[in-house]
Undergrad: 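Pasting a structure here, questions to come.
Quantities reported herein were computed from a predicted structural model and do not represent experimental measurements. Quick note: residue numbers are just sequence positions, from 1.
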Amino acid sequence: MDRIFPSSVHDRCLYCEEDISATTAYQNYRVCPYCRFHYSLSARQRIQLLADRRSFKESHKYLSSVAPISFSQRGSYRNLVSKDQSRTGLTEATVTGTCRIDGVRAMLVVLDFGFMGGSMGSVVGEKIALGLEAAAKQELPLIAVVTGGGARIQEGVLSLMQMAKTVTAANRFKEKGLPFVVVLANPSTGQAYASFANLADVILAEPGSLIGLSPLRALRELSRGPVPVDAHTAESHLEHGLLDNVVDRESLKARLSVLLKMLGAQKLGKGEYVMPSRNRVPVGPESEVWEAVAITRNGERPSATFYIRNILGQFFELHGDRLSGDSGSIVTGVGYLCDQPVAVIGQQRPYSLDGGKYHLNPDGLRKAQKLIRLAVRFQLPIVSFIDTHGADPGLEAEEHGIGNAIATTISMMLEAPVPIVSAIIGEGGNEGALALGLADRIVMQQYAIFSPISLNRTPGGPYGDPNLDREAAEALMLTARDCGELGIIDAVVAEPAEGAHHDPKQAAAILRNELFRRLREVSRRSESKMLEARYRKFRQMGETSAYSQEAMDREVELLLRITSGSRRPSQAPVPRKEKASENVPEAPTVTLEVD
């Protein structure tokens, strides 16, 4: 790329003191290659880094305040504005215009901290609102880069009202269903942060940026104790679920390009599936119940993150619930499934189980809800990966509203007007698995399990009793074949011999092809027919049949014996080969395509 910064301002990094004068990262991006410290940039420098060469066309360049009534009786405010205009070459603290980012047309709105601290005066608010309105009229996605954004105190309460102006314009823009992405740079505080910037569909930040409503100095003055070192930073906001991701400046243009193409696929008329190659892999013989339990709990079994990274192309992770946390129990983001943009939710087990639990908590569910809303807004199909012990049974989860989070998530999954496909890849434990496993098509890996209760915590029984675990596993009909015969899932997905952990790459290829097939199948329906079929699918669950009655009898018998404390063997259930009805469906068998 052409050098944007022709000469070095610093010979040594202000943060780590390494020699950076001749490094490419510093000369081209003003980033220290050693500690990744990001130096300040002007608005025009940021535009040069983001926009394709010679594609930026500025709008409302000469818009300025003609008569700042009552802003300053002595003319000092006019003098300050005039000085910053001469020093920066800007008429105000924001630059707006259209451009192309890797060929995708977009509207850019960039605040400049070098012009009166990037504060939001009347002209800044007007230019931001005009940019949003122009983007809506031209049906362009909008990217806003915020640096500064505090109050223009010289303009009094009129400065405060720019928050209402920009939010009004942002609301009208979002009605168009166009992507709205905000990048928070150092610093991003005050009125811009608390208005239009926090209404974006995706909020990114540069590493190390100071972010928050109040300036760091005010935060320190009002805090009773010492302020943590990382307080008010992009990394702290990411940890608390307030950002979608922190992106290094060198990667920012590429990441924005990917986001714009994925979120704007419907508007651009793109998003067609590309058929993978066809090699047939039949499902192997049915496994013993306890064998499936042991395999699905193997610590080396591929996790949701593994499948997401190996099945999807250009996956972009979106963190946080925009409220209070970024739960590690859920991974969310957008990516390509066979060239089709999709929204992804994965229930994530820890990398090393060590006998621990991997429950789903309220923060994780609200993080998933945020992604469901994003998928609905941009008409992205949803793919979910299920692998959890179940809903968190702890007091903290109860106090944070686990019941409400589960109910709301179930409702959103059932009503989302987009195709949904779910894959049970490990342990599907009780309500936690159900909340994100409701889909138009549900597939289940050969050795996965799906249980109405956690096998490590059965009602009225002791914790971790291996005999009880085995007894529950054999009675609760939780294998893939069981779930298929009950009509709970639509297909059993083959795994490599002895489980997916023996050949994770092959397991991912098999699962990718099945997800592709099922998603394409659902996508052929109209929205109304898809929602009606989804309603009927779950409305009819549990209707009486010979097989379902047998299953319910076995579960009731087991739970009664557990709650009564009885350990006596009971009468064996009717063998499957002796079912009363000959109309019981066989377990679904799939023919899969693998690269």
Undergrad: So, applying side-chain contact (heavy atoms from CB on, under 4.5 Å) with Val202, which one of Ile143, Val334, Leu318 is it?
TA: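 Between Val202 and the candidates, side-chain contact (heavy atoms from CB on, under 4.5 Å) is satisfied uniquely by Leu318.
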Undergrad: Under 3.5 Å, is there a donor-acceptor pair between the Ser327 and Ser329 side chains?
TA: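 Yes.
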Undergrad: Are any of the side-chain nitrogens in Arg309 or Glu317 under 4.0 Å away from the carboxylate oxygens of its partner?
TA: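 Looking at Arg309 and Glu317, the cut-off is met.
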Undergrad: Please answer whether the main-chain N or O of Lys505 pairs with a side-chain N or O of Asn310 as donor and acceptor at a distance below 3.5 Å.
TA: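 Pair absent, no side-chain N/O of Asn310 close to backbone of Lys505.
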Undergrad: Between Asp248 and Arg255, is the closest basic N to carboxylate O distance under 4.0 Å?
TA: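 Salt bridge absent between Arg255 and Asp248.
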Undergrad: To the nearest 0.5 Å, what is the distance between CD1 on Ile372 and CE on Met413?
TA: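 The CE atom of Met413 is 5.5 Å from CD1 of Ile372, to the nearest 0.5 Å.
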Undergrad: Nearest 0.5 Å please: distance from the CG atom of Leu478 over to the CZ atom of Phe450.
TA: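 So the gap between those two atoms works out to 10.5 Å.
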Undergrad: Rounded to the nearest 0.5 Å, how far apart are CG of Leu436 and CD of Glu431?
TA: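 Separation between the atoms: 12.5 Å.
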Undergrad: Among Ile510, Val342, Val421, exactly one meets side-chain contact (heavy atoms from CB on, under 4.5 Å) together with Leu515. Which residue is that?
TA: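 Of the listed options, the one satisfying the test is Val421.
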Undergrad: Got a salt bridge between Glu514 and Arg518, using NZ or NE/NH1/NH2 to carboxylate O under 4.0 Å?
TA: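 Looking at Arg518 together with Glu514, the answer is yes, because their closest N to O distance falls below 4.0 Å.
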Undergrad: Is there a donor-acceptor contact under 3.5 Å linking the side chains of Thr296 and Glu427?
TA: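 No, Glu427 and Thr296 have no side-chain donor paired with an acceptor closer than 3.5 Å.
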Undergrad: Can you measure from CG (Leu519) to CZ (Arg441) and round to the nearest 0.5 angstrom?
TA: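 Spacing of CG (Leu519) from CZ (Arg441) equals 10.5 Å.
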Undergrad: How about Glu415 and Tyr535: does a side-chain donor come under 3.5 Å of a side-chain acceptor?
TA: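 The answer is no; no qualifying pair exists.
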Undergrad: Between Asp387 and Arg349, does any NZ, NE, NH1 or NH2 come within less than 4.0 Å of an OD or OE carboxylate oxygen?
TA: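 Asp387 and Arg349: salt-bridged.
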Undergrad: Among Thr233, Leu243, Leu238, which residue satisfies the side-chain contact (heavy atoms from CB on, under 4.5 Å) criterion with Ile211?
TA: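 The side-chain contact (heavy atoms from CB on, under 4.5 Å) with Ile211 is passed solely by Leu243 among Thr233, Leu243, Leu238.
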Undergrad: Are Arg322 and Asp244 ion-paired here, with the side-chain N under 4.0 Å from a carboxylate O?
TA: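 So Arg322 pairs with Asp244 through a salt bridge.
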Undergrad: Backbone N or O of Asp326 within a donor-acceptor pair of the Glu239 side chain at under 3.5 Å?
TA: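 Checked: no pair found.
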Undergrad: With side-chain contact (heavy atoms from CB on, under 4.5 Å) as the test, pick out the partner of Leu371 among Ile330, Leu380, Val376, Thr332.
TA: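 Considering Ile330, Leu380, Val376, Thr332, a side-chain contact (heavy atoms from CB on, under 4.5 Å) with Leu371 is found only for Thr332.
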Undergrad: One thing to verify: whether Glu250 and Arg36 come together as a salt bridge, which I'm taking to mean a side-chain N less than 4.0 angstrom from a carboxylate O.
TA: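 Glu250 and Arg36: salt-bridged.
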